[in-house]
Amino acid sequence: MSKASKYFLLLVISGVLITPLVLIILTSLKEQAQIYSSTASLLPDPVTFKNFITAFEAIEFLKAFKNTFYIAFFNIFGVVIASSLAAYAFLVLEWKGRDVFFSITLGTMMLPEMTLLIPQFLLFKETGLYGGFLPLIMPYFFGLPYYIFLFRQFFLSIPKTLRDSAKIDGASEFTIWLDIYMALSKPIIMIVILFQFLISWNDLLKPSIFLISEKNYTLSLALQQYLSRLGGAEWGPLMAGAIIMVLPILIIFFFSQKTLIKGITISGLKD
Amino acid sequence: MVQVSLNKISKKYDENYIIKDISLESQDKEFIVLVGPSGSGKSTIIRIIAGLEGDFEGELKFAGETVNDLAAKDRKLSMVFQNYALYPHKTVFENIAFPLVIKSEPKNLIKEKVHKVAEKLDLMKYLERKPGQLSGGQKQRVAVARALIKEPQLFLMDEPLSNLDAKLRTSTRQEIRKLYQELNSTFIYVTHDQIEAMSLGDRIAILHEGKIQQFDTPSKIYHEPANTFVASFIGSPPTNLLEPNLTLFQALKEELIPKLNREDLIIGIRPEYLYLAAEIGDCEQSLEGRVAEQTSSRLRRTNDRSVLGVHEDHEDNENAENGVPLHALEAELVNVENLGEEILVYARLNENSGKLNGSEYLIAKINNAEYIELLQEKFSSLSPESPVKLQLFFDPKTIYLFDKRSSMRIS
């Protein structure tokens with residue numbers, strides 16, 4: 001393929017991908033009358049930020065933002081600590097049945113998340129932990145198989161003699177994990193933080209199952225509730241809400257493109 | 001002050017023994033070298049001593065006390081690893097200080113100690129650098145510094161010089177020996193390099209297939225190899241091992257009276273005890289492995305050592321010292337390696353002279369200048385059509401005899 005046709009193809013593809021986003025932005029800046037006007041027009045005239053204010057108030061943005069951030073923070077904190085500890089145990093420590101357990105852990109990756117929701121729901125309901133943030137946070141403190149695998153793969157690149165040497169010098173397993181393995185794993189930690197942030201931020205399914213009280217709603221859930229309240233009529237505020245929701249992610253994407261791409265290559269998601 | 005003692009130590013992975021019944025005892029403050037080819041179990045032994053391998057059979061004692069179940073950190077030892085095992089994210093200072101930081105020693109004391117050690121090993125300039133910014137030799141010194149700072153009674157070194165280039169290896173070897181003399185501790189050193197072993201060790205344990213083949217001083221090991229493995233491992237190049245043919249066997253028997261059948265005998269000849277006949281390529285003078293009485297007058301001294309019976313000024317063999325006749329091996333020149341001072345001659349042994357055991361070529365070490373030139377000349381004109389025939393002579397008194405079945409030396 002010639003260079004010109006390659007660029008043309010890339011332009012077309014990015015055009016397809018970017019059009020909805022552009023439309024969302026443009027619509028969010030239009031007045032209700034213009035959106036529903038029988039003569040189609042692309043650019044907002046006049047430009048208005050009213051939709052943003054409406055959406056901001058309707059979904060109680062600050063509260064929802066705080067909730068989402070709170071959940072994402074503890075998800076990340078839990079998943080980094082637990083997954084790396086588990087990876088350390090699966091790779092470095094020697095114990096009976098280790099490899100079998102590791103296979104089982106990896107095997108659980110095959111289970112679709114949906115199948116876990118009902119048992120999880122029942123578990124939290126029976127134990128009375130249902131309703132607050134705990135069901136959304138606690139599972140992450142047990143680690144996730146995918147991240148365990150990522151950490152383990154990364155730990156494999158750390159020479160075993162570092163641990164041997166530290167052991168002879170009197171370091172405990174915890175010190176070795178923290179001061180050597182984790183200290184050397186900054187790239188993979190960054191990647192896990194990013195991945196998990198994106199997942200937690202965007203998650204709608206689990207908050208909609210586990211959160212009852214409106215004051216606990218996350219951004220995605222609040223937005224979805226707002227959407228159903230509107231019955232699909234008020235496109236302006238809805239689009240504005242979507243932009244508010246996506247904005248943090250866009251900003252993070254902008255600053256962490258390189259890390260993210262590195263993460264995708266390291267994790268083998270892409271050849 | 002640690003006397004290390006291993007009593008019948010075995011270790012297996014899956015169902016196979018990596019090492020089997022290793023018994024070894026160091027004197028206090030002795031420099032012990034474990035040497036062997038890769039897979040011989042030497043690293044496993046040092047890791048067991050260090051406390052990095054659990055689950056072994058037998059008994060490990062330090063200064064008379066069993067330490068089988070003592071954690072690595074409580075064994076009061078230091079270890080230097082082949083890849084140095086420096087923490088890449090820590091500075092040289094932090095690396096050296098690590099053992100003391102773990103023990104939560106006061107900061108100013110740590111600083112004082114690190115500086116003292118760094119000064120000794122000429123590392124003051126690099127304290128703020130990361131290991132990635134150091135050369136191999138510097139990294140190695142940092143690793144030694146980190147080992148020194150604990151003031152251990154027992155030093156373990158697992159191939160510490162393997163990653164250095166040849167020149168640096170030689171000088172660092174001297175420094176390690178110097179360090180040992182200053183420190184007054186017991187050293188246990190693992191290497192696959194026999195020159196390193198010979199030059200460093202007070203005593204050397206030679207390992208092969210998980211067993212100790214010989215444990216003795218360098219000179220004993222060199223001059224009195226316990227078995228064919230030791231003979232073929234020590235010396236560069238190592239001892240030639242061959243199964244004698246009938247004529248050779250009979251000729252030897254008269255003088256050496258081996259109690260063995262020919263089929264059970266392996267003879268070992270050191271490359272430096274093989275001498276060339278003066279006329280290289282003289283095909284007419286086929287000796288058929290006979291005792292080389294007639295030709296001995298034409299032999300010259302090909303080495304500095306005086307060859308029994310072949311002094312140029314003793315033309316008459318009868319007058320030669322002891323009058324012991326030389327034996328000849330017939331061979332064909334394959335390769336010549338010029339090492340400057342001396343030359344290594346690789347030759348294919350003719351079938352009528354016997355069969356080599358475990359190696360392809362017979363190797364002779366020649367250091368007579370005349371011969372070196374002559375051999376070079378012959379070698380440069382070597383072609384498949386015109387092979388260069390060699391007669392290699394040896395004195396029966398300089399050879400080793402091994403029992404083929406047990407591979408042990410009989411004389």
Side-chain angles (χ1 to χ4, degrees), chain A residues 80-81 84-85 87-103 150-193 258-259 262-263 266, chain B residues 13 43 46-55 70-91 94-105 130-132 139 142-152 154-160 162-163:
Chain A
V80 167
I81 304 290
S84 61
L85 276 175
Y88 187 80
F90 279 132
L91 180 73
V92 184
L93 301 184
E94 277 165 32
W95 43 285
K96 219 178 169 186
R98 178 183 79 171
D99 296 340
V100 177
F101 271 96
F102 183 61
S103 308
L150 269 191
F151 271 112
R152 187 179 175 273
Q153 290 308 101
F154 197 82
F155 287 171
L156 274 174
S157 66
I158 298 172
K160 206 169 159 266
T161 46
L162 292 190
R163 172 171 173 264
D164 290 339
S165 178
K167 267 191 118 174
I168 288 175
D169 291 343
S172 63
E173 294 289 357
F174 184 79
T175 308
I176 297 171
W177 167 77
L178 185 69
D179 198 19
I180 297 171
Y181 278 71
M182 288 305 263
L184 287 171
S185 298
K186 277 175 197 149
I188 201 77
I189 294 172
M190 280 309 296
I191 286 158
V192 171
I193 289 174
K258 269 190 189 160
T259 320
K262 206 165 121 197
I266 288 182
Chain B
Y13 281 118
S43 284
I46 206 171
R47 288 176 60 83
I48 285 175
I49 297 172
L52 298 170
E53 299 274 349
D55 244 5
L70 200 64
K73 64 181 161 78
D74 300 322
R75 295 192 181 191
K76 289 177 190 155
L77 51 85
S78 282
M79 184 156 169
V80 177
F81 294 85
Q82 180 179 359
N83 64 359
Y84 317 127
L86 301 179
Y87 310 117
H89 57 296
K90 294 180 188 287
T91 62
E94 289 167 332
N95 264 289
I96 299 175
F98 188 79
L100 304 182
V101 173
I102 291 291
K103 276 196 266 178
S104 311
E105 292 206 6
K130 295 269 176 75
K139 279 186 206 165
V142 177
V144 171
R146 188 176 60 189
L148 275 178
I149 202 154
K150 284 167 76 183
E151 296 163 14
L154 174 59
F155 249 99
L156 304 179
M157 295 191 159
D158 189 0
E159 309 221 14
S162 299
N163 288 3

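As the structure is a prediction and not an experimental result, all values here were calculated from the model. First the proteins, then the strands, lettered A, B, ... as listed; each starts at 1.
Heavy atoms of Lys76(B) lying under 4.5 Å from chain A are absent altogether. Lys186(A) does not touch chain B: none of its heavy atoms, backbone or side chain, sits under 4.5 Å away. Both the backbone and the side chain of Leu77(B) come within contact range of chain A, judged by heavy atoms closer than 4.5 Å.
Aromatic rings from Phe98(B) and Tyr87(B) are positioned such that their centres are separated by under 6.0 Å.
The structure places CD1 of Ile46(B) at 12.0 Å from CD of Glu53(B), a figure rounded to the nearest 0.5 Å.
Inspection of the Ser165(A) and Arg146(B) side chains reveals an N or O donor paired with an N or O acceptor under 3.5 Å.
Between chain A and the options Gly51(B), Pro88(B), Ala50(B), Ala71(B), the largest number of non-hydrogen pairs under 4.5 Å is found for Pro88(B).
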Item to complete: Would you please test Lys103(B) and Asp169(A) for salt bridge (charged side-chain N to carboxylate O under 4.0 Å, His left out) and show each step?
Response: CA-CA 9 Å; Lys103(B) 276 196 266 178; Asp169(A) 291 343; over 6 Å; no
